[in-house]
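First comes the structure, then the notes that go with it.
Throughout, protein chains are lettered first and strands after them, A, B, ... in sequence-line order, and every chain is numbered starting at 1.
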Amino acid sequence: MSQHILTAVAWPYANGPRHIGHVSGFGVPSDVFSRYQRMAGNKVLMVSGTDEHGTPIQVQADKEGLTARQLADRYNRVIAEDLTALGLSYDLFTRTTTRNHYAVVQEIFRGLHNNGYVFPKTTLGAISPSTGRTLPDRYIEGTCPICGYDGARGDQCDNCGNQLDPVDLINPRSRINGETPKFVETEHFMLDLPAFADVLGTYLQAKQGEWRPNVLKFALNLLGDLQPRAITRDLDWGVPIPLDGWRDRSDKRLYVWFDAVIGYLSSSIEWARRSGDPDAWRAWWQNPDARGYYFMGKDNIVFHAEIWPALLYGYNGEGAKGGTPGSLGRLEVPSEVVSSEFLTMEGKKFSSSRSVVIYVRDFLERYSADALRYYIAVAGPENQDTDFTWSEFVNRNNGELVAAWGNLVNRSISMAAKNFGEIPPAVDLTDADHALLARSRAAFASVGAELGRSRFKNAINEAFDVVREANKYLAEQEPWKIKDDPARQGSILHVALQVVDDAKTLLTPFLPASSNKIYEMLGGSGVWSGMPELSEVDEDGGQAYPVISGSYNGAATWEHRPLQEGTRLAPPTPLFTKLDPKIVDEELARLAG
RNA sequence: GGGGCGGUAGCUCAGCCGGUCAGAGCAUCGGACUCAUAAUCCGUGGGUCGUGGGUUCAAGUCCCACCCGCCCUACCA
């Protein structure tokens, strides 16, 4: 039976282009999951966008001599183009600088405020004297009062590891421009997290055995020490605070993490409006039978397993202080938080400044999207940090994608095209034929079960087991030797092609572009698995911006589909490109340079 | 400092509630085959499952301590 599934994908921060570590965390896993769910007959709404507010963007903009908005515009476009090129099937990929987003964020804030879950508090904060903006702890450095180390940051000393308060630093200075920060009293709104301790505890306990253990343990552990948390900043780049006396102040804004997580909701609402049914989003957000899956890197667990549920409970009036839902109505909390670990690059942390990085754009200029998707799916940081190396990439690409899978497709279609020019009939099937056919048909249940649990490595490995079995079958049956018995030769090739078709279906969530090609090679018409498209939109004549969307209800379904004998076959062209091992050194040289 | 995750064959990794769990893929070596992007198939070697204790009839699999790597620590998204 069909279920509503919200795929909520972490919002990439628009202070620069995204690298392959980023997309291995949130991008590829969420897309594999969504494509599978659509094929399984579920109604998927996959949303995300660029996260464009906050100090880091302002700082980067200052550095480049741009306004924050100009910088955000630039990288919003770069990121949207890159994610489209990767084939990520967003129903809507938008941004946080839309009027719609501002309105939804302010509505959530008002709801929390009305229910008593946010309150003002005067705190001591560091600001930059020259700009008047909040200077985050991370941007302050000085001498550690504990160990005397001079490069200590405001929040923590890298030398002795102690947590610090920037007020205690000796000779504090701004890492941005070297000036001495001013510590001033400033009023901010706080989110009353302790008021959600009970409801969050109940919520998380119920996820026992369902979520990945690392996510759940981490979240449960945080419950022990919930403190009120500031949700506003001294900054002009962000969503205005929607209260009298605050609304028009240019120096106070909602803090970026507060507005960013609300993007899941605002983008769903924007999607509904663009689809022509402004209430359509409610089927995912106000339906107890709907499921919400959130995909992100491990650094984001606290925002998705703790703070976002708290915001929703607060808006619903379901925290310790009670209350009533706001004008949007009661909203559902996440069903599952799927967190990835981190990808490293040739043994080191990704670092743009030290050029230990490979941007999605650069990668896709030289290699195919499916090659990257394959690597991330089979060797990515699903359960633990994993290392990307160019030699491993070449090995996987050449040995698995090209030699095992691509070659199976190529040899099967090539032989059938050459000898029959069409899909030959299957007659008098042997035990071996039946065994292989049964193997690939059984894989729909096993691979599907793994995909439904977000166990992507298991899933793709089981799909590849089918590929290996098919290669073995051909080696044993030796159809190329059977010249005098066309019926038997044709039957073998029919079986091989059928299993190629099944495997193509099993691999579609991982390798949509090449699966579409196989679909066409085997006579399919129309679109198999839809690809995302970038288009320009605006809001009531406002500034145009790019969004990713697409029609993804193609022919692809998660099931065995019998091939039609007599379908014309043309000699195939290779699906994947074999890579010269020389590129390992070339790429390493590029990193070094 | 506190919390979390990981440490299994040369490499990348599977191993849920303890009892065919010592595995897969790749790489190595030997062989077969030629339909296919010299791809494929068969066979082979190799690990005291980070270290030291403990619980148990039985422990990569549970408990404790320690070593190493990584992440988070809520003003980095």
Side-chain angles (χ1 to χ4, degrees), chain A residues 10-15 22 50-57 59 96 123 125-126 134-140 146 153-156 160-163 166 188 193 209 212-222 224-227 229-230 233-234 255-257 259-261 296-303 306-307 341-342 344 349 378-379 381-387 389 391-392 395-396 398-400 402-404 406-416 418-419 455 457-458 461 464-465 468 470-476 478-481 489 493 496 572-578:
Chain A
W11 290 50
Y13 199 59
N15 66 341
H22 290 122
T50 45
D51 177 9
E52 304 182 2
H53 294 127
T55 305
I57 284 188
V59 169
T96 57
T123 62
T134 295
L135 201 52
D137 292 355
R138 281 266 168 143
Y139 286 104
I140 302 172
I146 298 171
R153 291 181 321 216
D155 55 342
Q156 185 175 42
C160 65
N162 284 297
Q163 270 192 78
H188 283 297
L193 277 175
R212 292 182 186 172
N214 57 335
V215 177
L216 191 63
K217 279 188 180 176
F218 185 86
L220 282 168
N221 186 47
L222 290 171
D225 186 30
L226 291 176
Q227 301 293 332
R229 184 164 169 155
R233 284 293 180 278
D234 293 297
Y255 181 34
V256 60
W257 65 251
D259 95 67
V261 287
M296 73 214 66
K298 61 179 163 184
D299 54 335
N300 264 319
I301 292 174
V302 62
F303 295 103
E306 209 90 52
I307 292 170
E341 302 293 303
F342 280 176
T344 54
K349 276 184 72 168
V378 77
E382 184 174 309
N383 299 310
Q384 59 183 283
D385 291 355
T386 58
D387 192 33
T389 64
S391 68
E392 178 78 1
N395 282 343
R396 296 267 189 189
N398 289 357
E400 298 171 16
V402 176
N407 184 237
L408 173 67
V409 175
N410 208 46
R411 70 196 295 209
S412 303
I413 297 179
S414 178
M415 238 184 304
K418 196 178 297 178
N419 290 291
R455 303 291 295 256
K457 286 191 181 187
N458 284 353
N461 280 325
F464 259 73
D465 284 343
R468 281 184 270 272
N471 272 323
K472 186 172 170 179
Y473 167 86
L474 285 176
E476 288 166 351
E478 302 181 309
W480 50 89
K481 282 188 178 170
Q489 186 186 41
L493 292 175
T573 52
L575 284 175
F576 305 107
T577 306
K578 186 167 175 168

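What you find for A:Asn471 and A:Ala404 is that their closest heavy atoms are ND2-O, 3.1 Å. Shown here for A:Glu306 and A:Ala219, the closest heavy-atom pair between the two residues is OE1-O, 3.1 Å. Taking both residues in full, the closest heavy atoms of A:Ala14 and A:Thr50 are given as CB-CB, 4.1 Å, listed atom of the first, atom of the second, then distance.
If you check every strand for non-hydrogen atoms under 4.0 Å, A:Val302 touches nothing. Among the atoms of the strands shown, none is found under 4.0 Å from any heavy atom of A:Leu408. Note on A:Thr386: only backbone sugar-phosphate atoms sit closer than 4.0 angstrom, heavy atoms only; bases stay farther off. At a threshold of 4.0 angstrom between heavy atoms, the contacts of A:Phe576 include nucleobase atoms, whether or not backbone atoms are also involved. A:Ala403 comes within 4.0 angstrom of sugar-phosphate atoms only, judged by non-hydrogen atoms across all strands, and of no base. Residue-level contact check: A:Pro574 touches the bases, meaning some heavy atom is under 4.0 Å from a base atom. Base contact: A:Lys578 has a heavy atom under 4.0 Å from a base atom.
For A:Arg233 and B:rC75, the shortest distance from a side-chain N or O to OP1 or OP2 is below 4.0 Å. Listed pair A:Lys481 / B:rC33 fails the phosphate criterion, with no side-chain N or O lying under 4.0 Å from OP1 or OP2. For B:rA36, one of the phosphate oxygens OP1 or OP2 lies less than 4.0 angstrom from a side-chain nitrogen or oxygen of A:Lys418.
Nucleotides B:rC13 and B:rC71 are separated by 16 Å at their P atoms, to the nearest Å. Comparing the P positions of B:rU51 and B:rU44 gives a spacing of 28 Å, expressed to the nearest Å. Comparing B:rC62 with B:rG45, their C1' atoms are spaced 34 Å from each other, to the whole Å. For B:rU34 and B:rC41, the P atoms lie 16 Å apart once the distance is rounded to whole Å. The same atom, P, is picked in B:rC64 and in B:rG3; the two are 12 Å apart, to the nearest Å. A distance of about 16 Å separates the C1' atoms of B:rU61 and B:rG54, rounded to the whole Å. For the P atoms, the distance linking B:rA39 with B:rA27 amounts to 9 Å, nearest Å. Comparing B:rG15 with B:rG53, their P atoms are spaced 28 Å from each other, to the whole Å.
Of the possible polar contacts, one joining the A:Thr96 side chain to the A:Glu52 backbone as a donor-acceptor pair under 3.5 Å is found. Checked by atom type and distance alone, the side chain of A:Asn410 never pairs as donor or acceptor with a backbone atom of A:Gly406 at under 3.5 Å.
Inter-residue side-chain proximity for A:Trp480 and A:Arg411 is flagged as met; some heavy-atom pair is nearer than 4.5 Å.
A:Asn461 has its CG atom 18 Å from the P atom of B:rG23, to the nearest Å. B:rC42 atom P lies 12 Å from atom CG of A:Leu474, rounded to whole Å. Protein atom CH2 of A:Trp257 is 16 Å distant from nucleotide atom C1' of B:rC72, rounded to whole Å. For the pair A:Asn419 CG and B:rC35 P, the computed distance is 10 Å after rounding to whole Å. The distance between atom CG of A:Asn407 and atom C1' of B:rU34, rounded to the nearest whole Å, is 11 Å.
Base-pair partner of B:rC5: B:rG69 (Watson-Crick or G-U wobble, both distances under 3.5 Å).
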Review item, nucleotides 24-26 of chain B N/O atoms under 3.5 Å of protein N/O:
from   : atom 1 : to       : atom 2 : distance (Å)
B:rG25 : O2'    : A:Glu400 : OE2    : 3.4

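Base orientation at B:rG60 is syn, since its O4'-C1' glycosidic dihedral falls within 90° of 0.
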